[in-house]
Amino acid sequence: MTEIEAGAGTAGSSPKVESGRVPLRVAVLISGSGSNLQALIDAQRAGRLSAEIAVVISNRSDAYGLERARRALIPTQVLSHRGFPSREAYDAELAALLDRHAPGLVTLAGFMRILTPELVARWQGRMLNIHPSLLPKYRGLHTHERALAAGEPIHGATVHFVTPELDDGPAIVQAQVPVHPDDDAERLAARVLTQEHRIYPLAVRWIAEGRLALGDDGLAYLDDEPLAQPVVIDAEP
Ligand code: GRF
């Protein structure tokens with residue numbers, strides 16, 4: 001099992017603190033609004049998440065999430081993808097940047113880039129993503145439009161471990177959202193996003209508490225039990 005220890009560095013070199021754990025260092029990767037980043041900041045401030053957001057990295061300099069990070073006095077880095085000759089070259093630079101901040105966990109929070117298998121492998125078991133659908137349904141983009149077109153009665157969001165296949169890693173926690181008859185993609189997306197803000201801090205908290213890990217068998221383990229199904233958070237009424 002890939003153990004995730006609060007405070008572990010990328011090379012596993014950070015000292016393990018036996019009493020009074022070192023807070024987990026979290027890197028948050030964004031490309032846009034950063035409302036999920038804000039949910040992590042808010043959870044931390046409210047005492048619901050004992051973790052340190054060590055750095056916020058964006059591939060876009062105009063991402064509003066950078067402003068949220070600055071207001072919270074979190075270090076920010078912009079690593080634009082423009083000018084890199086290849087995805088591999090960009091991800092190598094991103095890997096080096098992450099290493100400099102030595103997070104124990106990398107969270108993708110609306111980071112609109114497909115990662116190379118090399119980068120994912122490097123962060124195996126220590127990288128989470130949040131996706132706006134009830135995976136395995138609707139991987140990829142335009143999830144709300146697709147759920148509406150299919151006439152889904154229930155839609156939602158999923159936090160999962162990142163594996164090389166896009167939106168395919170073991171699911172950890174889902175929030176279900178009923179689809180209303182008068183929903184359009186925008187309204188549905190807004191209600192799903194509200195639920196995302198509940199489940200992402202929860203999953204990061206489980207990691208920070210040492211309760212959640214990715215097993216060598218490819219399953220997510222919560223409290224040493226394999227998750228045959230993701231934990232499902234109650235649907236809103
Ligand atoms: C969220 O819907 C998330 O599920 C998806 O990208 C969006 C990011 O929103 N991966 P925000 O930037 O956190 O507001």
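On a predicted model such as this, the values are computed, not experimentally measured, just so you know. We count ligands from 1, going down the list as the structure has it; atoms in each ligand are counted the same way.
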Less than 3.5 Å apart, N/O on ligand 1 and N/O on the protein: could you list those pairs with the distances?
| unit_1 | atom_1 | unit_2 | atom_2 | d |
| --- | --- | --- | --- | --- |
| ligand 1 | 2 (O) | E196 | OE1 | 3.3 |
| ligand 1 | 2 (O) | E196 | OE2 | 3.0 |
| ligand 1 | 4 (O) | I130 | O | 3.4 |
| ligand 1 | 4 (O) | E196 | OE1 | 2.8 |
| ligand 1 | 4 (O) | E196 | OE2 | 3.2 |
| ligand 1 | 10 (N) | I130 | O | 3.0 |
| ligand 1 | 12 (O) | G34 | N | 2.7 |
| ligand 1 | 13 (O) | S35 | N | 3.2 |
| ligand 1 | 13 (O) | N36 | N | 2.8 |
| ligand 1 | 13 (O) | N36 | ND2 | 3.0 |
| ligand 1 | 14 (O) | S35 | N | 2.8 |
| ligand 1 | 14 (O) | S35 | OG | 2.5 |

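Contacts classified as side chain to side chain donor-acceptor pair (under 3.5 Å) and involving residues 102-119 (residues at least two apart or in different chains) are given here: D91-T116.
A donor-acceptor contact closer than 3.5 angstrom links the side chains of S33 and R68. Between the side chains of T163 and D168, not a single donor N or O lies within less than 3.5 Å of an accepting N or O. In the model, H131 has no side-chain atom that pairs as donor or acceptor with a side-chain atom of T143 under 3.5 Å.
Looking only at side-chain heavy atoms (C-beta outward), Y200 and L128 come within less than 4.5 Å of each other.
In this structure, H144 has its ring center under 6.0 Å from that of H155.
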